[in-house]
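One structure below.
By convention here, the first residue in the shown sequence is residue 1. Computed from heavy atoms alone, side chains included, the values below leave out hydrogens, waters and symmetry copies.
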Amino acid sequence: MPPTEPAAASGRPLAHPSVAEIGLEEVLRALADPVRLRIVRGLADGHPDMACVAFDLPVSKSTTTHHFKVLREAGVIHQRYEGTSRLSRLREADLEERFPGLLAAVLEAARRTAPGA
């Protein structure tokens with residue numbers, strides 16, 4: 001069972017896979033969605049910890065929550081509560097340890113193919 005964070009304000013803990021549990025298929029599946037890739041790019045280019053509401057995404061709040069959950073469960077991001085805010089951080093070091101060069105290559109490709117690039 002994945003390690004969990006202390007209970008959040010909502011009373012629910014957040015599960016995160018350990019580095020050894022991060023699977024290539026799950027990471028690639030998570031990164032294949034354009035909205036999730038946009039979130040990952042935002043985290044890579046932004047502050048170390050960003051609230052979910054900081055992202056201007058073309059989807060509903062519930063769909064945004066789903067995308068963050070997929071990224072967290074795949075091991076791409078780490079989330080924690082600070083007060084009532086859920087902060088997200090890219091698991092760059094963990095992904096680099098598990099799959100060297102993968103995240104950097106995906107981010108570079110995304111930047112090159114982004115509109116206006």
Side-chain angles (χ1 to χ4, degrees):
M1 178 159 205
T4 58
E5 290 290 309
S10 65
R12 293 177 295 157
L14 298 172
H16 298 86
S18 68
V19 175
E21 294 173 320
I22 298 173
L24 181 60
E25 296 83 5
E26 290 80 12
V27 170
L28 292 176
R29 194 174 299 115
L31 295 174
D33 183 277
V35 172
R36 291 193 289 266
L37 187 56
R38 185 170 168 176
I39 292 168
V40 170
R41 283 191 57 209
L43 289 169
D45 297 339
H47 302 288
D49 287 307
M50 294 179 68
C52 298
V53 297
F55 294 85
D56 182 28
L57 301 173
V59 295
S60 69
K61 183 179 177 182
S62 64
T63 302
T64 297
T65 300
H66 168 75
H67 285 303
F68 276 94
K69 179 181 177 185
V70 169
L71 289 168
R72 179 173 43 81
E73 290 179 347
V76 177
I77 65 172
H78 182 272
Q79 291 187 304
R80 66 180 176 83
Y81 279 96
E82 189 169 295
T84 59
S85 296
R86 187 181 291 192
L87 301 179
S88 299
R89 175 183 291 255
L90 195 56
R91 291 180 67 177
E92 292 178 86
D94 293 342
L95 290 169
E96 183 63 23
E97 177 184 330
R98 187 81 168 121
F99 309 112
L102 176 68
L103 184 59
V106 168
L107 288 170
E108 180 61 26
R111 289 179 182 117
R112 288 178 186 230
T113 60

Exercise. Would you sort out whether Arg91 and Glu97 count as a side-chain contact (heavy atoms from CB on, under 4.5 Å), showing the intermediate values?
Key: CA-CA 10 Å; Arg91 291 180 67 177; Glu97 177 184 330; over 6 Å; no
Acceptor/donor pairs from residues 23-32 side chains to any protein atom, 3.5 angstrom cut, sequence neighbours excluded:
none

Over all heavy atoms of both residues, which pair between [X] and [Y] is shortest? Give the atoms and the distance, please.
| X | Y | answer |
| --- | --- | --- |
| Gly75 | Ile22 | O-CD1, 3.7 Å |
| Leu14 | Gln79 | CD1-O, 3.6 Å |
| Pro17 | Glu21 | CA-OE1, 3.5 Å |
| Ser88 | Leu43 | O-CD2, 3.5 Å |

Practice problem: Decide whether Arg89 and His78 meet the rule of one side-chain donor and one side-chain acceptor closer than 3.5 Å. | Solution: no
Quiz prompt | Glu82 and Ser85 side chains, donor-acceptor separation under 3.5 Å | solution =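 Per modelled atom types, Ser85 and Glu82 side chains form no pair under 3.5 Å.
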Rounded to the nearest 0.5 Å, what's the gap from [atom1] on [X] to [atom2] on [Y]? Could you check?
| X | Y | atom1 | atom2 | answer |
| --- | --- | --- | --- | --- |
| Thr64 | Lys69 | OG1 | NZ | 14.5 Å |
| Ile77 | Leu87 | CD1 | CG | 11.0 Å |
| Phe99 | Asp94 | CZ | CG | 11.0 Å |

Quiz item: Does some side-chain heavy atom of Leu90 sit less than 4.5 Å from a side-chain heavy atom of Leu103?
Solution: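 They are in contact (side-chain heavy atoms under 4.5 Å apart), so the answer is yes.
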Self-check item: Cluster link Phe68 to Val70, ILVMFWY, side chain under 4.5 Å
Solution: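 No: no chain of side-chain contacts under 4.5 Å links Phe68 to Val70.
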Does [Y] offer a backbone N or O that forms a donor-acceptor pair with the side chain of [X] under 3.5 Å?
| X | Y | value |
| --- | --- | --- |
| Arg41 | Leu107 | no |
| Arg72 | Ala15 | yes |
| Glu73 | His16 | no |

Exercise. Take Asp45 and Arg111, measure what side-chain contact (heavy atoms from CB on, under 4.5 Å) needs, and give me the verdict at the end.
Key: CA-CA 10 Å; Asp45 297 339; Arg111 289 179 182 117; 2.6 Å; yes
Quiz item: Given Val106 and Val40, is the side-chain contact (heavy atoms from CB on, under 4.5 Å) satisfied, shown in steps?
Solution: CA-CA 10 Å; Val106 168; Val40 170; over 6 Å; no
